[in-house]
4 protein chains.
Amino acid sequence: MSLSKLMGERSDEGQAKRERRKEARPGELLDAALDLFVEKGFAATRAEEVAARAGVSKGTLFLYFPSKEELFKAVVRENISGRFAEWNAEFEAFEGTTADMLRYCMRVWWERIGATRASGITKLIISEARNFPDIAAFYQQEVIRPGTELVRRILQRGVDSGEFRALDMEYATFSVTAPMIFLIMMKHSLGACAPQDYPLDPERYVTSQVETLLRGLCVRPEDQPA
Amino acid sequence: MSLSKLMGERSDEGQAKRERRKEARPGELLDAALDLFVEKGFAATRAEEVAARAGVSKGTLFLYFPSKEELFKAVVRENISGRFAEWNAEFEAFEGTTADMLRYCMRVWWERIGATRASGITKLIISEARNFPDIAAFYQQEVIRPGTELVRRILQRGVDSGEFRALDMEYATFSVTAPMIFLIMMKHSLGACAPQDYPLDPERYVTSQVETLLRGLCVRPEDQPA
Amino acid sequence: MSLSKLMGERSDEGQAKRERRKEARPGELLDAALDLFVEKGFAATRAEEVAARAGVSKGTLFLYFPSKEELFKAVVRENISGRFAEWNAEFEAFEGTTADMLRYCMRVWWERIGATRASGITKLIISEARNFPDIAAFYQQEVIRPGTELVRRILQRGVDSGEFRALDMEYATFSVTAPMIFLIMMKHSLGACAPQDYPLDPERYVTSQVETLLRGLCVRPEDQPA
Amino acid sequence: MSLSKLMGERSDEGQAKRERRKEARPGELLDAALDLFVEKGFAATRAEEVAARAGVSKGTLFLYFPSKEELFKAVVRENISGRFAEWNAEFEAFEGTTADMLRYCMRVWWERIGATRASGITKLIISEARNFPDIAAFYQQEVIRPGTELVRRILQRGVDSGEFRALDMEYATFSVTAPMIFLIMMKHSLGACAPQDYPLDPERYVTSQVETLLRGLCVRPEDQPA
DNA sequence: TATGAATGAGCATTCATTCAT
DNA sequence: AATGAATGAATGCTCATTCAT
């Protein structure tokens with residue numbers, strides 16, 4: 001056993017823990033910030049509160065993020081998944097009816113976005129867009145556009161295969177995105193205030209929405225959900 | 001010489017200009033406040049800015065509203081006129097298919113709410129709900145609940161008449177409200193930032209949504225929209 | 001009966017009343033201001049409150065007094081009695097022992113100053129002196145100095161007549177004025193807050209003070225009060 | 001090398017300068033606030049001025065005191081150290097005539113209260129009592145009542161020992177307290193404005209008052225001061 | 001003269017940000 | 001790197017004062 005181990009094992013461990021913590025700091029701060037920004041909005045969230053929730057001092061926050069606004073942007077950047085490539089591939093490879101594809105799409109969306117903290121970002125951006133136009137534009141490019149594109153491709157697949165009727169494609173995508181966005185907004189605003197007034201079971205909500213939607217999209221009665 | 005003048009109402013006229021102003025002030029302030037609150041949120045809106053936009057000084061604002069928070073509440077109250085009684089009556093008296101009723105409902109909603117400044121209130125409340133739980137609860141009681149009730153009655157009429165299929169009524173209402181709320185949120189957030197990315201024609205949007213929805217609700221193919 | 005009387009009697013009466021009121025305005029305002037300044041101090045008294053208590057509008061106050069500070073000064077001026085000449089004469093003419101003279105002096109002081117609203121001025125000036133040095137100086141010249149002079153003359157009379165012992169005249173006057181000022185300050189501050197803690201009977205207070213004082217001043221035991 | 005250094009207390013020293021400052025801050029602020037409140041009254045004292053006099057910025061004041069009113073209350077509390085227990089003991093143990101006791105009492109009062117900044121508190125409370133009824137009540141309980149009690153015990157001792165004549169005890173205490181309060185009020189109001197008009201030598205004032213008072217209280221001529 | 005709506009300078013308080021330790 | 005005391009610009013709100021009617 002080495003001398004250094006004899007003398008320093010504990011401090012090495014201490015060091016290790018601290019370093020692990022040190023590297024985790026920005027993440028913990030972003031985590032805390034996301035929660036608070038979603039809950040109270042950008043302006044009403046105090047930097048000290050973010051730091052406190054992350055278990056560090058006010059000063060430390062500014063050690064990692066030069067300003068509250070940069071913290072906000074980092075929160076958004078951190079939580080905007082650029083996973084559309086992966087998802088696109090997933091859907092390219094999908095074998096089955098487009099109706100099933102859409103069902104899968106919305107269920108998966110709920111699991112990966114709606115049910116997770118990522119949904120807070122959507123609420124955040126929609127609420128703060130006017131104060132952060134560049135963030136809004138960024139979100140538009142990075143999330144809205146590819147997401148809409150993905151949805152459009154699914155719908156187009158349905159139309160091409162003769163499953164879906166002819167659609168005003170520009171607006172049809174909203175039939176898919178609107179219920180998802182709506183669910184997120186409710187979850188993070190009115191639904192969070194008065195849960196007793198919003199006993200929303202998201203699974204049932206998604207099912208209800210997608211089945212009605214499929215009826216609305218499918219061309220032949222026999223393809224429509226019961 | 002007018003009768004009023006003969007009767008000594010000259011002093012009434014003397015005060016007229018200023019009094020008309022005085023009576024107009026609260027409305028002008030609420031107008032300005034609505035715009036700014038919708039645009040920037042409650043916290044980021046400065047009282048002086050509201051006053052300036054209403055064409056008065058900072059002090060005047062506080063002459064009419066004891067605090068910024070009371071101003072906010074007044075803005076909300078002012079714009080939530082309980083027009084549901086009138087609408088309910090309108091829909092009770094409606095003669096025609098329930099499909100037409102739903103079409104009429106959503107078109108009218110767009111004209112009376114979505115297209116007007118009242119829509120800003122919805123954006124406002126959804127964005128600020130967590131900071132104003134009492135406002136949120138108030139809105140829930142006064143707007144959401146009666147609105148949902150109205151929608152439910154329409155859907156029930158369709159089901160009862162055999163036009164619509166059996167519905168999970170609790171969640172089916174969201175198929176109507178979600179697209180409306182979504183449109184409002186977009187109009188006041190991302191849509192307001194990057195209009196070029198949201199060349200939304202609301203009429204076309206509403207038509208697209210309602211027709212797909214009706215296909216999803218109607219029982220017999222021949223009732224469904226083409 | 002004159003035409004004007006036939007046509008205008010009522011308005012003449014109205015006019016009269018209004019004019020009487022008009023002339024009374026400044027006095028009513030000074031009255032109200034005195035009460036409030038004494039009660040809450042200069043800074044904490046709002047101009048509007050003074051006007052309201054006088055039954056006029058805020059604007060009217062500034063019609064009669066160009067500023068709150070001038071109002072303050074007017075209040076002081078109005079209530080500082082220049083009655084020392086009269087009082088001096090009264091005491092010049094006094095026939096009797098100096099002990100009785102001092103008794104009379106303090107009793108009369110209580111009746112004419114201490115028990116009246118004039119006492120508020122003393123409280124006011126002592127409390128606000130540092131903020132109104134010129135007022136303080138004015139009060140010093142117009143009230144304190146002549147008052148002290150009057151007291152000094154009484155004491156001197158006693159010394160001269162052999163009733164009182166030799167006195168350090170500069171400081172002896174305080175033996176008369178201190179208890180009077182003290183009573184006023186208590187009446188208008190702590191005594192006004194917690195009357196149950198200050199069940200002061202002023203007559204008994206004055207008697208107690210003057211009799212002890214006379215014992216302290218008189219030269220021969222047989223002259224001293226029992 | 002010092003023991004503390006050997007034991008690793010360097011980091012304590014490292015923080016020392018700043019911590020010493022931090023601990024001193026409240027005291028420095030209370031000091032500055034006492035002066036200003038006494039000088040200008042509560043309302044006319046600006047928070048920034050207090051901070052400036054304490055050598056810190058506006059924000060720092062509110063780091064230590066949540067509001068101006070709390071600062072005021074802290075100033076009062078800080079300066080009302082309940083020294084009455086100590087004084088009571090001192091007077092219990094006093095051996096000598098009650099006349100000497102009273103002389104000692106008033107001299108000591110001047111040295112420990114009248115001549116110190118603590119006297120400002122008395123002025124402050126008497127001036128602001130109506131605006132801070134709770135402070136006034138607190139002062140009444142904590143200072144006035146025990147102080148009066150102490151005086152009453154002294155007087156009673158004199159009466160019991162046959163030195164003093166029978167007294168209307170309720171009011172006799174004022175013969176002791178009135179001159180003291182009067183001196184304080186003068187020192188902090190008119191006396192502070194026009195020192196040339198108040199060339200008060202407090203020692204001589206106290207002597208004059210106490211000797212006249214003792215003459216007024218003592219029963220036998222031979223006990224009375226010359 | 002009297003009114004009271006309007007003003008805006010002034011002040012208490014907050015909070016993002018800095019920096020000595 | 002981490003802290004938290006200190007800062008001061010920013011902002012809600014008050015109130016003496018003005019002025020159109």
Side-chain angles (χ1 to χ4, degrees), chain A residues 18-19 21-23 25 43-51 55-71, chain B residues 10-19 21-23 25 43-51 55-69 71, chain C residues 18-19 21-22 25 43-51 56-71, chain D residues 10-19 21-23 25 43-51 55-69 71:
Chain A
R18 202 183 313 144
E19 289 211 350
R21 221 189 261 144
K22 192 203 302 181
E23 276 157 31
R25 280 285 140 76
T45 297
R46 291 184 305 126
E48 187 159 25
E49 213 176 342
V50 174
V56 299
S57 76
K58 210 178 356 175
T60 304
L61 170 62
F62 288 93
L63 214 57
Y64 290 99
F65 304 95
S67 75
K68 191 180 159 188
E69 195 157 332
E70 284 308 313
L71 172 65
Chain B
R10 235 191 69 209
S11 72
D12 284 4
E13 278 183 17
Q15 287 296 87
K17 214 174 291 176
R18 182 166 282 225
E19 290 213 347
R21 266 181 132 185
K22 189 206 166 178
E23 275 158 31
R25 280 288 134 79
T45 297
R46 287 184 302 124
E48 190 160 19
E49 210 176 345
V50 174
V56 299
S57 74
K58 200 172 19 168
T60 303
L61 169 62
F62 291 96
L63 213 57
Y64 292 96
F65 303 95
S67 73
K68 192 179 154 188
E69 186 156 340
L71 173 64
Chain C
R18 202 183 311 147
E19 289 210 350
R21 222 188 261 145
K22 191 202 304 180
R25 280 286 141 76
T45 296
R46 291 185 304 126
E48 187 160 24
E49 214 177 340
V50 174
V56 300
S57 74
K58 207 176 359 174
T60 305
L61 169 62
F62 289 92
L63 216 56
Y64 290 99
F65 304 96
S67 73
K68 192 180 158 188
E69 195 156 331
E70 284 307 316
L71 172 64
Chain D
R10 235 191 70 208
S11 71
D12 283 4
E13 278 184 17
Q15 287 295 89
K17 213 176 292 176
R18 182 166 283 225
E19 289 211 350
R21 264 181 132 187
K22 189 205 166 177
E23 275 157 32
R25 280 288 135 78
T45 297
R46 288 181 303 123
E48 189 160 19
E49 211 175 343
V50 173
V56 299
S57 74
K58 203 172 12 169
T60 303
L61 170 63
F62 290 95
L63 214 57
Y64 292 95
F65 303 95
S67 73
K68 193 180 154 187
E69 186 156 340
L71 172 65

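Letters go in sequence order (proteins before strands), and every chain restarts at 1. Values below: every heavy atom of this structure, side chains too, minus hydrogens, waters and symmetry copies.
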> Within the distance-only criterion (no hydrogens, no angle test), does the side chain of C:Lys58 pair as donor or acceptor with the backbone N or O of C:Val50 below 3.5 angstrom?
Replying inline: no
> Looking only at heavy atoms, which two atoms of D:Ala43 and C:Ala43 are closest? And how far apart?
Replying inline: CB-CB, 3.4 Å
> Hey, is CD on A:Glu70 packed in by over 12 heavy atoms from elsewhere, all under 6.0 Å?
Replying inline: yes
>> Can you work out whether B:Thr60 or C:Ser57 has the more 5'-proximal nearest nucleotide on DNA chain E?
In response: C:Ser57
>> Which heavy atom of B:Ala51 sits nearest to which heavy atom of B:Leu61, and what is that distance?
In response: CB-CB, 4.3 Å
> CZ of B:Phe65 versus P of F:dG12: gap in Å, rounded?
Replying inline: 15 Å
>> My validator wants the stems of DNA chain E: runs of 3 or more consecutive Watson-Crick or G-U pairs, both distances under 3.5 Å, written as range with range.
In response: E:2-21 with F:2-21
> When the nearest nucleotide of DNA chain F is assigned to A:Gly55 and to D:Gly55 on a heavy-atom basis, which residue is associated with the more 5' position?
Replying inline: A:Gly55
>> Can a donor-acceptor pair be found, under 3.5 Å and without considering hydrogens, that links the side chain of B:Lys68 to the backbone of B:Thr45?
In response: yes
> So how far is it from C:Phe62 CZ to C:Leu71 CG, rounded to the nearest 0.5 Å?
Replying inline: 8.0 Å
>> Between B:Tyr64 and E:dA5, is there a contact of a side-chain N or O with OP1 or OP2 at under 4.0 Å?
In response: no
> Reading nucleotides 9-15 of chain E from the 5' end, what letters show protein touch, with B for base, S for backbone sugar-phosphate only, - for no heavy atom under 4.0 Å?
Replying inline: BBSSBBS
>> The criterion is side chain to side chain donor-acceptor pair (under 3.5 Å); which residues satisfy it with B:Glu49, sequence neighbours excluded?
In response: B:Lys40
> Expressed in angstrom and rounded to an integer, what is the separation of C:Leu61 atom CG from E:dT3 atom C1'?
Replying inline: 13 Å
